[in-house]
Amino acid sequence: VCMELYQEDIRDRFIEILAQSGLEASQFSSLDGDETFLKIWLPEQGQVIDFMADALHYNMPLKETVYQGIEPHAPYPGGAPMENFDA
């Protein structure tokens, strides 16, 4: 088996394992086609993120009113939930 087919098979199996774990993934090639990138993320809704938040004791306020009294800090302007600009 050539290395290219082997690596493709391993990538496919890895993505399958991620999917079974509740993660999502997409792959894409570099501009010159000599590298493959894999983007992995956790869906914002679902059992996996709920489980992880519970296990890590991560509490997330559900109301935007919670942020009204928060002061600015570094690049955070305060008064509103932080935003992910690369999404």
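This structure is a prediction, so every number in the text was calculated from the model and none was measured. The chain is numbered in sequence order, starting from 1.
- Contact between P77 and P72 at its shortest, heavy atoms only, is O-CG, 3.2 Å.
- When the side chain to side chain donor-acceptor pair (under 3.5 Å) test is applied to S30, the partners found at least two apart in sequence or on another chain are D32, D34.
- Y76 approaches P81 most closely through the heavy-atom pair CE1-C, 4.4 Å.
- The list of salt bridge (Lys or Arg N to Asp or Glu O under 4.0 Å) pairs with a residue in residues 2-12, not counting sequence neighbours, reads D9-R13.
- Linking ILVMFWY residues whenever their side-chain heavy atoms come closer than 4.5 Å, directly or via other members, leaves F28 and L38 in distinct clusters.
- Rounding to the nearest 0.5 Å places CG of L42 at 6.0 Å from CE of M52.
- In this structure, I49 is a member of the same hydrophobic cluster as F51, with clusters built from ILVMFWY side-chain heavy atoms closer than 4.5 Å.
- Dense packing is recorded around CZ of F37, with more than 12 heavy atoms of other residues, nucleotides or ligands lying under 6.0 Å away.
- The list of side-chain hydrogen bond (donor to acceptor under 3.5 Å, both in side chains) pairs with a residue in residues 40-53, not counting sequence neighbours, reads E24-W41.
- Scanning all heavy atoms of the two residues, the minimum distance from L18 to A25 falls at CD1-CB, 4.1 Å.
- Considering every non-hydrogen atom in both V48 and S21, the closest pair reads CG2-O, 3.5 Å.
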